[in-house]
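Okay, so here's the structure we're looking at.
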Amino acid sequence: MKKLIANREIDVNEEGYLVDFKQWDREVCECIAGECNVVMTEKHWEVVEYLQDKHHKEEPLSIRGIKKSGVINIKEFYALFPGGPLKKSTLIAGIPKPKSCI
Amino acid sequence: MSTKVKKMLFILSKATIENAYAAFVMANGARMEGIESEIFFTFFGLEAIQKKKLEHLHVATVGNPGMHIPTMLGGLPGVEALATKMMKKEMEKLDMPPIGEFLEILSDSGCKLWACKLAVDMFHLKEEDLIDDLDGILTIGDFYSRADQEGTQLLFI
């Protein structure tokens, strides 16, 4: 389905996750973040880049991976993306929602 | 779709690997969904938060029909250790953290970890026997008072 994000028609799934990463850019990212009540800071961008990098290397994302990432610790991760950090951060990063239970 | 569950309270009364992981995965899963979670460790569940014991939990091979081995075989020396080793290997493949690391993840994620006062007294445990990340030692009444909002669920494992 289509959703109007940053005045552009973006393809998303029923949960709002981007279907085509090519449509993602910083402007789209900031709009989605705004909808999640997140104001992007340097640290947010760093995490978003880390998640996208992992996704492009087809490495699964997990909270344990975040702990080992060296980019951010779990406490900060929860503080930056309140209300479900991995769910929110992947939505903002324009990549699919992780399917793992851990 | 938004869930009506706002807070999950778990009581872990056994410290077999399968029970501890069930509680940990659900408590962590709740936090990952933006749901509050807390675990109350009571009776043998306390083994999962004792510094000296937490990395030595076992799978129950006796009285566990899910193992698909005769109960008598499950009681033979070494069978429980072998089954535990195999299960830990499978869990590692799925990137499931060991108990100690899982407790750290839970604590960092904002999941509160409580020890049951009655059980702590019964097993003659001291605070220094328990993990540093523990949030405190509570009576069951204290724990009920943690169910302080609409949408709280309490689960006994």
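The chains referred to below are lettered A, B, ... by the order of the sequence lines, with proteins before strands, and numbering in each begins at 1.
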Can you tell me how far the OG atom of A:S62 sits from the CG atom of B:N28, to the nearest 0.5 Å? 9.5 Å
Between B:A30, B:G29, B:P97, the one whose heavy-atom pairs under 4.5 Å with chain A are most numerous: B:P97
Segment of B:F102 engaging chain A (4.5 angstrom heavy-atom cut-off): side chain
I need the single residue from A:R64, A:K67, A:K75, A:K68 that forms a salt bridge (Lys or Arg N to Asp or Glu O under 4.0 Å) with B:E104. Which is it? A:K67
Output for pair (B:D108 CG, A:N73 CG), nearest 0.5 Å, gives 6.5 Å
Would A:V12 and A:F21 show up in the same hydrophobic cluster when neighbours are defined by side-chain heavy atoms closer than 4.5 Å? yes
Are B:I140 and B:L138 linked, directly or through intermediate hydrophobic residues, by side-chain heavy-atom contacts shorter than 4.5 Å (ILVMFWY only)? yes
Give the cluster check for B:F156 versus B:M26: same hydrophobic cluster or not, with ILVMFWY residues linked at side-chain heavy-atom distances below 4.5 Å. no
For A:Y78 and B:R31, which heavy atoms make the closest approach, and how far apart are they? OH-CB, 3.3 Å
Is it true that atom CD of A:E59 has more than 12 heavy atoms of other residues, nucleotides or ligands lying nearer than 6.0 Å? yes
Inspect the surroundings of CZ in B:F123 and state if more than 12 heavy atoms from other residues, nucleotides or ligands are less than 6.0 Å away. yes
How about CD on B:E127, more than 12 heavy atoms from neighbouring residues, nucleotides or ligands closer than 6.0 Å, or not? no
Close side-chain approach of A:K87 and B:M32, heavy atoms under 4.5 Å: no
Please report the interatomic distance CD1(A:I63) to CG(B:L106), rounded to the nearest 0.5 Å. 10.0 Å
